[in-house]
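Start at 1 and go down the list; that is how both ligands and their atoms are numbered. Index from 1, following the sequence.
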Amino acid sequence: MSTYRQFHARSLQQPEAFWREQSALVDWQEPVQRVLDASRPPFARWFTGGRTNLCHNAVDRHLPARADQPALIYVSTETKTEKTYTFAELHREVNRYAAVLKALGTERGDRVLIYMPMIPEAIFAMLASVRIGAIHSVVFGGFASHSLATRIDDARPRIIVSADAGSRSGKTVPYKGLLDQAIALASHAPEHVLMVDRGLAPMPMTPGRDLDCAAQVRQHWDAKVDCVWLESNEPSYILYTSGTTGRPKGVQRDTGGYAVALAASMKHVFGGEAGGTYFSTSDIGWVVGHSYIVYGPLIAGMATVVYEGTPIRPDGAIWWRIIEQYRVNIMFSAPTAIRVLKKQDPALLRRHDLSSLQALFLAGEPLDEPTARWISEGLGKPVVDNYWQTETGWPIIATPRGVEALPAKFGSPGVACYGYDVRLYDEITGAEVGNNTKGVVAIAGPLPPGCMSTIWGDDERFVNTYWHSVPGRSVYSTFDWGIRDDDGYFFILGRTDDVINVAGHRLGTREIEESISSHAGIAEVAVVGIADALKGQVAIAFAVARDPGAVTDAAQRAAMEGEILKLVDSQLGAVARPSRVHFVGVLPKTRSGKLLRRTIQAICEGREAGDLTTIEDASALDQIRQALATKV
Ligand code: ATP
Ligand code: MG
């Protein structure tokens with residue numbers, strides 16, 4: 001691991017020299033004066049004095065070399081549309097959108113809220129916004145009025161860009177009603193709402209405020225809008241965290257640091273090459289969508305696949321068909337999607353020519369060993385787990401393939417990425433813990449380029465939330481548990497608030513879940529701790545069987561439950577044994593595929609389920625209730 005070790009060590013010991021080199025991966029209109037200004041910790045200002053623009057780096061600067069090469073490949077299995085935009089075409093579209101935004105009065109620093117499905121127009125709007133120095137805030141298109149309203153009030157956009165509807169599994173999801181309701185709920189009112197009409201659903205227009213986007217774009221058909229050169233630390237966007245653990249935080253991102261961090265990650269972590277093709281199955285509403293659907297691949301001069309649809313429609317081979325057809329080199333997805341595919345015929349993994357594919361990257365939640373094995377063996381390709389957060393914008397822990405081909409260890413996302421001084425601390429004493437000891441995963445400041453600059457409009461919440469949580473230390477807490485082995489590989493053991501206390505033993509629910517999902521009959525599982533008069537807390541498991549037919553009657557369920565309990569006993573000890581294993585068809589998750597353990601816990605304890613606006617499928621909660629009501 002010597003190459004990697006040196007690379008990482010240098011990034012921490014000589015951050016200015018290291019990042020100055022990386023800064024050459026992007027264009028600057030005015031050179032950087034100072035690489036790092038850490039004079040006001042925990043705030044870090046990267047590349048001060050340098051002027052740049054994200055849209056220039058993502059689009060304009062590729063025109064001389066690759067104007068006619070694909071930049072954006074749109075595939076919608078929902079509307080059966082496929083369309084490729086070259087860099088020149090993308091440039092034209094972005095200029096039109098930028099002209100529309102400007103004509104509507106959008107100025108540098110104004111917010112543009114984007115509430116859209118996965119369509120090219122959403123990306124035009126994002127790029128147009130950063131082109132003119134406005135700050136976008138993309139809100140996931142599946143969110144309902146309440147979630148949207150709180151984000152409108154926090155970001156206070158001058159303009160909202162939206163569309164008539166999204167589509168999911170062939171069903172139209174109308175947006176306009178939700179948007180109007182959200183604007184009515186919010187105290188802040190946008191000046192204009194630009195509506196993209198896909199012809200999927202009616203979109204009643206409020207005269208004066210709402211405008212048809214296509215008509216506006218036609219008025220600026222040949223427009224050329226210069227990039228506004230921002231000082232490196234001026235904000236590029238606000239993005240709210242997933243809200244898995246409470247009120248979402250508005251992560252504020254800078255401009256220059258983000259551009260450099262993404263360009264560097266494309267090279268060192270993903271091994272992406274200009275002219276290649278990148279396919280991330282995420283959504284522009286999430287950080288993975290910002291960094292690795294839009295900005296990362298385009299900054300690197302790669303074509304990006306923008307996919308609207310599910311992994312299993314028209315069938316479970318759709319993603320592999322896209323790889324074959326568009327010669328995808330790098331794919332990025334989430335464990336939750338792979339678990340969905342795991343329920344499909346494994347032969348589908350071999351139906352298409354995947355020879356272009358170098359690796360599949362997975363992030364967003366723990367990648368359990370059985371799922372990792374299943375997909376890497378099924379594809380015959382390296383599967384690269386990587387761990388990070390909305391806050392950081394790019395991987396904290398991974399195996400940076402572009403630096404050195406480090407071996408993967410199942411169950412571990414890898415080693416600390418360059419730029420990150422990752423440490424583990426005892427949660428109670430704040431003492432740093434050594435290898436093979438569980439601790440809170442934290443990052444010693446300054447955070448590297450690309451990470452959040454602050455919480456939008458709330459520096460104090462940024463400092464208090466992230467930097468004052470490990471006792472006696474001023475380090476950035478990830479709020480995740482982890483452990484590091486002697487080779488420097490980290491294992492993420494779950495969130496710090498997903499710990500249960502059984503008769504004085506502190507157990508991570510994640511560890512119990514790992515154990516249960518190593519049972520061949522289990523597709524996925526959620527474990528929560530619920531209050532127990534005797535033991536303090538007990539663990540309860542909700543499992544989804546790989547084959548639903550295997551748990552239809554009570555005898556089958558009891559047998560499977562018995563096997564699972566035995567398995568946990570043998571792997572973790574009887575103390576970790578759940579008091580019950582219930583079988584359900586689907587688990588409650590956020591729209592980004594994260595388990596809503598707190599919600600399950602509330603239901604188990606007979607409390608209100610709380611704010612459910614970010615839930616993917618509310619019927620999953622009824623299944624939990626039903627399972628609890630069934631004896632066996
Ligand atoms: P909120 O902070 O609002 O509660 P969230 O933490 O779910 O929401 P994200 O920023 O989307 O929002 O998710 C980051 C979290 O996802 C990490 O802190 C970690 O808990 C989990 N995570 C991401 N990648 C991995 C991974 N490779 N392995 C394990 N956990 C991961
Ligand atoms: Mg979080």
Side-chain angles (χ1 to χ4, degrees), residues 138-140 143 147 150-151 154 239-251 253 269 282-292 332-339 360-369 371-372 383-399 408-417 420 422 440-443 451-452 455-456 461-462 465-466 469 476-483 489-499 508-511 513-514 517 588-599 610-611 613-616:
V138 182
V139 177
F140 177 63
F143 280 152
S147 314
T150 53
R151 289 158 175 83
D154 196 73
L239 175 63
Y240 294 87
T241 60
S242 307
T244 311
T245 56
R247 184 160 71 97
K249 301 163 280 267
V251 166
R253 198 86 64 203
V269 179
S282 182
D283 187 283
I284 48 159
W286 314 128
V287 70
V288 178
H290 283 63
S291 293
Y292 299 112
F332 194 132
S333 191
T336 184
I338 305 305
R339 286 189 208 107
L360 167 65
F361 291 81
L362 297 174
E365 19 144 11
L367 176 62
D368 58 283
E369 178 164 345
T371 303
V383 168
V384 188
D385 188 0
N386 56 114
Y387 161 84
W388 45 297
Q389 308 180 305
T390 307
E391 289 87 340
T392 66
W394 61 283
I396 304 169
I397 295 173
T399 42
K409 291 195 189 190
F410 283 119
S412 164
V415 298
C417 286
Y420 289 100
V422 182
V440 180
V441 180
I443 304 164
C451 292
M452 74 192 298
I455 290 179
W456 174 252
R461 188 176 174 210
F462 170 66
T465 304
Y466 294 104
S469 123
Y476 171 91
S477 175
T478 63
F479 299 99
D480 288 308
W481 290 109
I483 195 164
Y489 281 67
F490 287 85
F491 294 78
I492 301 299
L493 305 174
R495 294 164 187 261
T496 51
D497 53 5
D498 286 339
V499 168
T509 50
R510 162 90 207 280
E511 294 164 82
E513 288 168 3
E514 281 266 323
S517 58
K589 292 186 179 170
T590 64
R591 309 244 176 193
S592 49
K594 292 161 191 289
L595 270 176
L596 284 162
R597 290 197 189 75
R598 283 193 173 184
T599 310
D611 179 3
T613 44
T614 63
I615 196 167
E616 160 88 43

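- For the residue pair Thr465 and Lys249, no side-chain donor N or O sits within less than 3.5 Å of a side-chain acceptor on the partner.
- For the pair Trp286 and ligand 1, no heavy-atom separation below 4.0 Å is found.
- Using a 30° and 60° split on the angle between ring planes, Tyr466 and Phe462 fall in the tilted class, from 30° to 60°.
- Under the 4.0 Å criterion applied to side-chain N and carboxylate O atoms, Glu513 and Arg597 are assigned as salt-bridge partners.
- Closest to atom 15 (C) of ligand 1 by heavy atom, among Arg510, Arg495, Arg598, Glu365, is Arg495.
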### Message
Before you tell me yes or no, could you show the steps for His290 and Thr390 under side chain to side chain contact (heavy atoms under 4.5 Å, CB included), namely the whole-Å CA-CA distance, both residues' side-chain angles and the distance that decides it to 0.1 Å?
### Response
CA-CA 10 Å; His290 283 63; Thr390 307; over 6 Å; no
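- Between Gly393 and Val287, the shortest heavy-atom contact is CA-CG2, 4.0 Å.
- Against a heavy-atom cut-off of under 4.0 Å, Glu391 is close to the following atoms of ligand 1: 10 (O).
- Residue Gly364 places a heavy atom less than 4.0 Å from ligand 1.
- The parts of Gln389 lying near ligand 1 are both backbone and side chain, judged by heavy-atom distances below 4.0 Å.
- Here Phe332 and Trp286 keep their ring centres 6.0 angstrom or further from each other.
- Against a heavy-atom cut-off of under 4.0 Å, Lys249 is close to the following atoms of ligand 1: 2 (O).
- Residue Asp480 holds the heavy atom nearest to atom 20 (O) of ligand 1 of all those in Thr496, Thr590, Leu362, Asp480.
- Per-residue contacts place Trp388 under 4.0 angstrom from the following atoms of ligand 1 (heavy atoms of the residue considered): 14 (C), 17 (C), 23 (C), 24 (N).
- Scanning Thr241, Ile492, Asp385, Leu595 for the heavy atom closest to atom 3 (O) of ligand 1 points to Thr241.
- Close approach of ligand 1 to Asn386 is summarised as follows: ligand atoms under 4.0 Å from at least one heavy atom of the residue are 24 (N), 26 (C), 27 (N).
- Close contacts between ligand 1 and Lys594 involve ligand atoms 7 (O), 9 (P), 11 (O), 13 (O), 14 (C), 15 (C), 16 (O) [criterion: under 4.0 Å to a heavy atom].
- Residue Pro335 comes nearest to Ala363 through the heavy atom pair CD-O, 3.4 Å, listed as atom of the first residue, atom of the second, then distance.
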### Task
Step by step, work out the salt bridge (Lys or Arg N to Asp or Glu O under 4.0 Å) result for Glu365 and Arg339.
CA-CA 12 Å; Glu365 19 144 11; Arg339 286 189 208 107; 3.3 Å; yes
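- Relative to atom 30 (N) of ligand 1, the option among Ser412, Gly414, Gly411, Pro366 with the closest non-hydrogen atom is Pro366.
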